[in-house]
Amino acid sequence: MLDHYLKWVEQLEEALNTWGSIGVDGEYRAVVVGGMGGSGVVGDYLFLLSNSYGGLPVIVVKNHVPPRFISDRDLVIAVSYSGNTLETISFVKKINRVKDLVIVSSNGFLEKYCLENNIVFIKVPSEYVPRTALPYMLYSVLGLLDTSGYTIVSRRDADKAVDFLRNSIDSILSTGREIAEYIYRCSRNLVLAVHEPYGSLGVRGKNEFNENSKIPVKVEIAPEWMHNDIVGWEKPFTRDYCVLAIRDPGDRVGSMLIDYMLKIYGRNGFDTYVLELSGDNVLEKILYGSMVLGVSSIYLAEFRGVDPLVTESIVEYKGFAHSIFG
Ligand code: F6R
């Protein structure tokens, strides 16, 4: 499965080849992005990028019900890699007041639904699993927005980020392996500590260690952490944790917040490892961080003797979900 991650540069190049080919034509006040799990992360990253660079406000929905306030002044994008996720299908079917709906998927019910209902469809390659198709899905949506006159990331910055990632592969592989060795050696519950604006990178990392390495992970995000989680560390039931902290070295405030967290973790006797995000800008940093964490979760799966590809519990839930949403 490491191959999926090693194809990220190729995926981004492919998505760049279609950049400019699909756009929508409307006057929007916001973009609403619906999707679950690995597909839902596209919305999280769009939110992060729009907050950092500017562009339409982004509202992320990880639910089967769209927010009531959506109107025909909003662009709605639904992302489901398989095209069969029941929450996302329900979200799409309930979108009826909207003029412009775009669906991103590789296959499944949603592809057919688009054809039958004349909905703009962005098809992504089907040889991946949702979490490893993140680069293609993210660049497709960034390309759609740029082409439609609502640029969050320009074509030039998107190109530059691909060059950056291509040149960083060696560092990504060695850092990913080092982190996996650290977590495996520690063999305790993992706390993933991160500072804003990278909260969603922390969540993405958690998802990767959940799904690929089969471990639970607690995500702690500063500065909100300083206002609640920190108190929980005064008297925890167990101190059976180790910490992976993520820091943007170019962010002075973020770095100071992480230092403060490390001080409290140290007081609890936790081991800590700090991942420094490489890159010239937020886009490059989230691509770098996502790939390091993905690769690391694969190495950790290998050390633990588990299959990173199989996500039995999700399959079991999806079978049951028919009785809830079917
Ligand atoms: C990630 C993964 C899950 C799915 C989620 C939604 O690789 O397998 O998190 O992303 O169950 O499914 P899709 O993405 O097909 O809508």
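Remember, it's 1-based here, ligands and their atoms both numbered in the order they're listed.
- Among all heavy-atom pairs drawn from Ile179 and Phe209, the shortest one is CG2-CZ, 4.5 Å.
- Of all protein heavy atoms, the one lying nearest to atom 3 (C) of ligand 1 is Glu211 OE1, 3.6 Å.
- Ser297 and Glu208 get closest at one heavy-atom pair: CB-O, 3.5 Å.
- For atom 11 (O) of ligand 1, the nearest protein heavy atom (residue, atom name, distance) is Lys318 NZ, 2.9 Å.
- Crowding of Tyr53 atom OH: a count of heavy atoms from other residues, nucleotides or ligands under 6.0 Å exceeding 12.
- Given atom 15 (O) of ligand 1, the protein heavy atom at minimum distance is Ser82 OG, 2.7 Å.
- Ligand 1 has a nitrogen or oxygen under 3.5 angstrom from a nitrogen or oxygen of Gly38.
- One distance of note links OH of Tyr128 with CG of Asp3; it measures 9.5 Å at 0.5 Å rounding.
- Ranking protein heavy atoms by distance to atom 14 (O) of ligand 1, first place goes to Ser39 OG, 2.5 Å.
- Listed by first and then second residue, the side chain to side chain donor-acceptor pair (under 3.5 Å) pairs that reach into residues 11-36 are Glu13-Arg166, Trp19-Asp146, Tyr28-Asp100, Arg29-Asp74, sequence neighbours excluded.
- Connection of Met226 to Ile246 is not established within any shared hydrophobic cluster, with ILVMFWY side chains joined at heavy-atom distances below 4.5 Å, either directly or through further cluster members.
- Between Thr88 and ligand 1, no pair of N/O atoms sits closer than 3.5 Å.
- Applying the 6.0 Å contact sphere to CG of Asn118 captures no more than 12 heavy atoms from other residues, nucleotides or ligands.
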Practice task
Under the salt bridge (charged side-chain N to carboxylate O under 4.0 Å, His left out) rule, what do Arg185 and Asp271 come out as? Steps first, then yes or no, please.
Solution key: CA-CA 10 Å; Arg185 213 174 31 246; Asp271 283 347; over 6 Å; no
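- Contact atoms of ligand 1 toward Met36: 5 (C), 6 (C), 10 (O) (distance under 4.0 Å to a heavy atom of the residue).
- Considering backbone and side-chain N/O atoms, Thr311 never comes within less than 3.5 Å of an N/O atom of ligand 1.
- Interface of Thr85 with ligand 1, defined as ligand atoms under 4.0 Å from a residue heavy atom, comprises 6 (C), 12 (O), 13 (P), 15 (O), 16 (O).
- If you look at Ile314 next to ligand 1, the close heavy atoms, those under 4.0 Å, all belong to the side chain.
- Proximity to Ser80 (heavy-atom distance under 4.0 Å) selects the following atoms of ligand 1: 13 (P), 15 (O), 16 (O).
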